[in-house]
Protein chains: 2
Amino acid sequence: MSNALASSIETPTLAVSTVIFALRPNADGCLQLATPLVRRIRAPFEGQWALPGGPLGADEDLASSAARTLRDTTGLEPRFLEQLYAFGSVDRAGGKLAERVVSIVYWALVAADEADRAIQNDNVRWFWADELPALAFDHNQIVDYALGRLRNKLEYSRIAHVFLSETFTLAMLREVYEAVLGRELDPGNFRRMVEATGTVEETGERLAGTRHRPPKLYRATTTAGETK
Amino acid sequence: MSNALASSIETPTLAVSTVIFALRPNADGCLQLATPLVRRIRAPFEGQWALPGGPLGADEDLASSAARTLRDTTGLEPRFLEQLYAFGSVDRAGGKLAERVVSIVYWALVAADEADRAIQNDNVRWFWADELPALAFDHNQIVDYALGRLRNKLEYSRIAHVFLSETFTLAMLREVYEAVLGRELDPGNFRRMVEATGTVEETGERLAGTRHRPPKLYRATTTAGETK
DNA sequence: GCAAAAGTGTTTGATATACACCCATGC
DNA sequence: GCATGGGTGTATATCAAACACTTTTGC
């Protein structure tokens, strides 16, 4: 069994890709999870949609590589970027003839306003995360895995703010939770939960112009390790 | 900034390493977390202790590579093996002259009886996980990271059984928790906690030969995805 | 006033913890 | 009997969920 080393002369290529999530209003006006994808311009899977990514540069760190390819292909600057998983099955590139690629995949979150600034053209497009077409490689599974991580991390960390701009109402924050988790939350209990964690503080301002009682505006508290 | 690609001709080497944990009785007779390390026989860090690992074979999956190098160097067959993290900082190999290595690190758990079968010689040795010497590369940080993951995973999964043989008493299972978490647990509450999760079932047997009331023997319930 | 969402209070049930106490064995 | 851990019962604190209710705006 140990002779697997013998064939290791042709070392696998190393690439870094990123799953990006933003919350965008859908046709009903509700927030919905969206992810930008890029069209492949080369075999294998030429013409199909795929995660943005590329080969790892010799003098860049893994996270830097993710941030760079993300900026180059989509124009986005994420507010949160974290390693997701390394995918390296021998057969994931599809055909036997294709070169073997090990992908270290990151996941990123961008605020709604930043998402609007993204490049969009024939080869870069936003998709709803739960209505993806058949993607290149094993990228459908990778997005699903990232979705699970996002939902999980939302519950024990403060990443939800990252989807919003600097100040926000608790209703907006709750909308983020509801969109990501896919279920409604009790406004009263949600308020208490957020207040108990101490992740937000009042700005002193209120949001005017609604046709109801004006809600308080909040900002994320600045603690060391903000997006952990 | 995008010209980082220009220098990517010399692609980084890809290696797979593994952090292995077992529980072994220490001088006091208490279980303590131990990890086997191998001595490096090449620069950089020649002579220093390091995680077992090696280059990824062209035709093996990432987890297979981890299992293989682990078996080759230590003789161990782990009952649990999971990807930990990919480490790829440009400067992690130490010297500027050293070749760049990206390591995909796995972590593994072995049962106590399996741990005794491990190879031990001048170049392979067990260390207590909380009393490690200065290791090669960034391997000290990697072990710490793995320790955190183990402690975390112990609380929401059923991996604790993996340290024990097929049948065990609840006191033995509690000892595992206490050794990993580093604090004592109330026997009564622990029993209820385990019973509530439904991860164990009675064998019907009892363990004789103790100098007190003979405790019931349990085994792990066999569910799909046993070690998740 | 009415609609609508903001924001508060209260009740209930589930769960974690502390700790008292009985049980069954070896010696 | 006595020591020792096995095993059970119970009171208390903490927290999440459900939901009723009051407040403040626009119209």
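Letters A, B, ... mirror the listed sequences (proteins, then strands); counts begin at 1.
Residue B:Arg206 places at least one side-chain N or O closer than 4.0 Å to OP1 or OP2 of D:dG7. Residue A:Arg192 places no side-chain N or O under 4.0 Å from the OP1 or OP2 atom of D:dC19. Close to D:dG6, at under 4.0 Å from its OP1 or OP2, lies a side-chain N or O of B:Arg174. Taking only side-chain nitrogens and oxygens, A:Arg213 never comes nearer than 4.0 Å to OP1 or OP2 of D:dT23. Residue B:Arg211 places no side-chain N or O under 4.0 Å from the OP1 or OP2 atom of D:dT4.
B:Leu185 has its CG atom 15 Å from the P atom of C:dC19, to the nearest Å. Taking atom CD of residue B:Glu184 and atom C1' of nucleotide C:dT17, one finds them 15 Å apart after rounding to whole Å. Between the P atom of C:dA5 and the CD atom of A:Glu175 lies a distance of 11 Å, rounded to the nearest Å. D:dA16 atom P lies 12 Å from atom OH of A:Tyr177, rounded to whole Å. One can place CG of B:Asp186 at 15 Å from P of C:dC21, the figure rounded to the nearest angstrom. A:Asn189 has its CG atom 11 Å from the C1' atom of D:dC15, to the nearest Å. A:Glu195 has its CD atom 13 Å from the P atom of C:dA6, to the nearest Å. Taking atom CZ on B:Arg191 and atom P on C:dA20, their separation rounds to 19 Å, with Å as the unit.
Residue contacts shown for A:Thr169 are absent, as no nucleic acid heavy atom lies under 4.0 Å away. As judged by a 4.0 angstrom heavy-atom cut-off over every strand, B:Ala208 is placed among residues making no nucleic acid contact. A:Gly209 comes within 4.0 angstrom of nothing in the nucleic acid, heavy atoms only. Heavy atoms of A:Ala196 sit nowhere under 4.0 angstrom from any nucleic acid atom.
Between A:Phe168 and A:His161, the ring planes lie parallel to each other; the angle is under 30°, not in the 30° to 60° tilted range.
Within the 4.5 Å cutoff, the side chain of B:Thr167 has no heavy atoms near those of the B:Leu207 side chain. B:Thr169 places a side-chain heavy atom less than 4.5 Å from the side chain of B:Leu217.
Under the 4.0 Å criterion applied to side-chain N and carboxylate O atoms, B:Glu114 and B:Arg79 are not assigned as salt-bridge partners.
When the nearest nucleotides of DNA chain D are assigned to A:Arg183 and A:Thr210 by heavy-atom distance, the more 5′-ward of the two goes with A:Arg183.
Checking B:Asn189 against B:Arg192 by side-chain atom types alone, a donor-acceptor pair falls below 3.5 Å.
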